[in-house]
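Down below is the structure, laid out as structure tokens.
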Amino acid sequence: MRSNSCGDLRKEHISTAVTLCGWIDRCRDHGGVIFIDLRDSSGTIQITVDPDQGKEMFSIAESLRNESVLQIKGVVRARPLEAVNSKLKTGEIEVLASELNVLNPVRGNLPFTVSIHDEESIREEVRLKYRYLDLRRERMSKNLRTRHKTIRTVRNFLEEEGFIEIETPILTKSTPEGARDYLVPSRVCEGQWFALPQSPQIFKQLLMVGGIEKYYQIARCFRDEDLRADRQPEFTQLDIEMSFMNQEQILDLNERLIATIWKNIKGVELPRPFPRITWEQAMHRFGTDRPDTRYGMELHDINDIARSIKFKVFSNAVLSGGSVKCINVKGGNQSISNVRIKPGGDIFSEAQKVGAGGLAFIRVRESNEIDTIGAIKENLNEDQKNELLQRTDAEPGDLILFGAGETSTVNKTLDRIRQFLAKELGLISKENNDKNWNFLWVVDFPMFEFNSDENRLEALHHPFCAPNEEDLGHNPEIWSKQLPKSRAQAYDLVLNGLELGGGSLRIHNSDLQKAVLKTVGISENEAIKQFGFLIEALDMGAPPHGGLAFGLDRIMMLLMGEESIREAIAFPKTQQARCLMTQAPSETSTLQLEELSIKMDLKTPE
RNA sequence: GGGACCGUAGUUCAACUGGUUAGAGCACCGCCCUGUCACGGCGGAAGUUGCGGGUUCGAAUCCCGUCGGUCCCGCCA
């Protein structure tokens, strides 16, 4: 059908006869001569149609429309010197057409133009409905190619390291804890349901028991939770698991993998080893377990000062078991007005979104005079003031913002304000260099966190993470006592404040596994019922093992410089988990439901 | 479940404080044009202002509901 690809033609092809196929990117009809920009996946080339080469062909050319599919035969020739287009890779040449074949004409209106020159931002709703057209645009086509190249890099790297790729079931069993499952009814086993995997966690552990030693998978995962710009109901994990390796070795391997990806895709040499921070330090210094360490503005705990201060918002926060923390916005006196911090202001609104009642502030003036509301100024003695300024490293011109209240709210608030202001004040450089790709391992997560709604402990990662051996001790008798305050051998990889992935060493001792499940409220009976198969497997020679899973779509989004995960996925879903192209999900026939023994009981609107 | 923003021609936008026949670019159709490359020129067609209701002499504009999209909170080990 074709002899060459459009974008591959160069000067050395001059005088060769070629047959090309592609889409019409644009036409320029000059009456006596017509130029067609023909585009295929390799690029674009100019086709020149001259009436001297055939009247019939010329009249076809006169009726062409953008995006029609065209086959052309012709000869490559040099463009006249003055007509060379340096913007095109093929700009020194053109193809003089001798035959045009419309393989498929466009009929009706196109919802939007594909040509890269139309940089208009089309409404995403329209892009998603006609995704196949959107994919023809340079941006998406480039993104999909980047994705492919990244995955190929991953496969090559892991292949070299001796890993093998294994698929695990999509129709599987619901896992405990975690997100809401997508369910699939079984026709054969009436009344029973499969769950789509939230991750291949248990299967990959069983592969280790199966003696695979080094496994990976580009695995589709499903979670029926509400969506965000970086969250889709089905998403892809790069899932890795290995046996007989300690945490140090696992982190090293993954660092090399990430460094290889960034080298291949972004051409950046990442400095290794990646810095590490403990979970405790991350929470203390940044108020989050995924800190963005590209800029300062770290959190300072001032509970000791706040406790004795006569400003009730502060002292009450401490006395009721909460915290008072602050960040120092360098030069904030000038860049941030009071209006923005007070109700109605943008900074206030940011704080409000995560539950803060407001933000107290102190402006540091000349000779360390402070400018703030009376309630603080009058109740802060000289020593307290000096201690505060010293601790926050404050100088004249700085603005100190405070959060007071429940510790988790304070942390969330200041973390969010910190990120918001960093963006606002231009503290983040977008340049593609090793300093701006700020990787960070967060290690030593706690095993559990308390869920106050359900009044019980929950696994912070998942209930298969191995506890820190020192914290646990070697006496199984006291495991259940030690576990709640143990750290886990778990780690997250964070990039610029986004969690890219995480993992852990796993439990390979069945007693310990049962003890951990019991800690999160799953009795031994229940444990046997739900994962007897795993617990049994642990007693049949399960090797020490561990691994990690990366959110591949999120990594892609960052590599592509996109703001939404949807740009990294060929056919993404909307925030209501709907596919605008296929109109899924949709109603089904009663026959299908009958076969599945399902009756619907729809909530009627009140 | 909650908060915020958005929906006008195929598409991107405009239409003042509620006031004549809802305008413009691109795309589309017709005519002209032999070196353009986001070609150019002249003309034309194109609208249930997402949908339903209300207020009003009068609604794209104000109010209520609803559908859809985006961002966020909750949620997402």
Side-chain angles (χ1 to χ4, degrees), chain A residues 25-37 44-52 58 62-63 65-67 79-88 90-91 94 106-130 133 175-181 198-199 201 221-233 235 349-356 409 412 416 420 445 447-449 451 453 457-465 488 490 492 499 502-504 516 520 549 551 563-564 566 573-576 578 580 583 605:
Chain A
D25 197 62
R26 232 185 187 93
C27 292
R28 288 173 297 280
D29 184 345
H30 288 254
V33 63
I34 297 172
F35 300 106
I36 302 166
D37 293 338
T44 307
I45 187 158
Q46 173 165 286
I47 311 296
T48 305
V49 187
D50 191 306
D52 297 343
F58 195 78
E62 283 178 313
S63 67
R65 288 186 50 188
N66 294 345
E67 297 311 313
R79 292 195 188 195
L81 264 183
E82 66 278 11
V84 165
N85 185 349
S86 56
K87 283 186 248 167
L88 279 180
T90 59
E94 63 188 5
V106 165
R107 300 196 184 95
N109 279 317
L110 285 169
F112 50 85
T113 37
V114 172
S115 171
I116 58 161
H117 307 296
D118 292 291
E119 291 287 311
E120 285 181 323
S121 57
I122 307 296
R123 184 172 305 160
E124 196 171 0
E125 209 172 330
V126 181
R127 290 178 56 207
L128 291 178
K129 183 167 178 192
Y130 302 97
L133 268 188
T175 39
E177 307 228 304
R180 190 177 296 114
D181 286 315
Q198 294 180 27
S199 83
Q201 182 60 37
C221 306
F222 307 85
R223 292 176 193 177
D224 187 4
E225 296 292 347
D226 289 340
L227 277 59
R228 287 287 188 283
D230 62 352
R231 257 195 253 157
Q232 283 274 300
F235 60 99
S349 313
E350 282 302 310
Q352 212 174 22
K353 277 180 190 169
V354 279
T409 308
K412 270 190 225 167
R416 195 176 172 105
F420 180 75
F445 278 76
M447 283 288 285
F448 309 100
E449 78 187 330
N451 180 329
D453 290 340
L457 287 175
E458 267 180 350
L460 201 73
H461 270 79
H462 54 61
F464 312 110
C465 291
D492 273 5
E499 183 195 327
S504 64
V516 167
V520 297
E563 302 270 307
S564 159
R566 294 185 298 277
K573 294 184 171 55
T574 68
Q575 196 159 51
Q576 295 195 36
R578 188 190 299 279
L580 294 183
Q583 297 288 306

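Since this is a predicted model, take the numbers as computed values, not measurements. The basis for the numbers below is simple: all heavy atoms, side chains too, and nothing from hydrogens, waters or symmetry mates. Residue numbers begin at 1 in each chain, while the letters A, B, ... track the order of the sequences.
- Partners of A/Thr44 under the side chain to side chain donor-acceptor pair (under 3.5 Å) rule, at least two apart in sequence or in another chain, do not exist in this structure.
- The CZ-C1' distance, from A/Phe420 to B/rC71, rounds to 13 Å in whole Å.
- Here the P atom of nucleotide B/rU70 and the CZ atom of A/Arg127 are 11 Å apart, to the nearest Å.
- Atom name C1', nucleotides B/rU21 and B/rG30: the rounded distance is 25 Å, in whole Å.
- If you check every strand for non-hydrogen atoms under 4.0 Å, A/Arg107 touches nothing.
- Atom CD in A/Gln575 sits about 9 Å away from atom P in B/rG69, given to the nearest Å.
- OP1 or OP2 of B/rC26 has not a single side-chain nitrogen or oxygen of A/Thr113 nearer than 4.0 Å.
- Under the side-chain contact (heavy atoms from CB on, under 4.5 Å) criterion, A/Gln576 pairs with A/Thr574, A/Arg578, sequence neighbours left out.
- Residue contacts shown for A/Ser199 include a base, since a base heavy atom lies under 4.0 Å away.
- A/Lys129 places its NZ atom 11 Å from the C1' atom of B/rG10, with the value rounded to the nearest Å.
- One interatomic measurement links the two molecules: CZ of A/Arg416 to P of B/rG74, which rounds to 9 Å at whole-angstrom precision.
- Pairing of B/rU70, defined by two Watson-Crick or G-U wobble distances under 3.5 Å, is identified with B/rA4.
- B/rC31 atom P lies 9 Å from atom CD of A/Glu62, rounded to whole Å.
- Residue A/Arg228 is classed as a base contact, given a heavy-atom separation below 4.0 Å to a base.
- In terms of phosphate contacts, A/Arg26 brings no side-chain nitrogen or oxygen within less than 4.0 Å of OP1 or OP2 of B/rU36.
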Protein-nucleotides 32-35 of chain B N/O pairs closer than 3.5 Å?
unit_1 : atom_1 : unit_2  : atom_2 : d
B/rC33 : N3     : A/Asp29 : O      : 3.1
B/rC33 : N3     : A/Gly31 : N      : 3.3
B/rC33 : N4     : A/Asp29 : OD1    : 3.4
B/rU34 : OP2    : A/Gly32 : N      : 3.1
B/rG35 : O6     : A/Arg77 : NH2    : 2.6
B/rG35 : N1     : A/Glu94 : OE1    : 3.4
B/rG35 : N1     : A/Glu94 : OE2    : 2.9
B/rG35 : N2     : A/Glu94 : OE1    : 2.5
B/rG35 : N2     : A/Glu94 : OE2    : 3.4

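- Rounded to an integer number of Å, the gap from A/Arg28 CZ to B/rC26 C1' is 16 Å.
- Within the nucleic acid shown, A/Gln198 comes within 4.0 Å of sugar-phosphate atoms alone, with no base atom in reach, counting heavy atoms only.
- Counting non-hydrogen atoms of other residues, nucleotides and ligands closer than 6.0 Å to CZ of A/Phe420 gives a total above 12.
- When the C1' atom of B/rC72 is taken as reference, atom CZ of A/Arg231 falls 11 Å away, rounded to whole Å.
- If you find the closest nucleotide of RNA chain B to A/Lys573 and to A/His462, the one lying nearer the 5' end belongs to A/Lys573.
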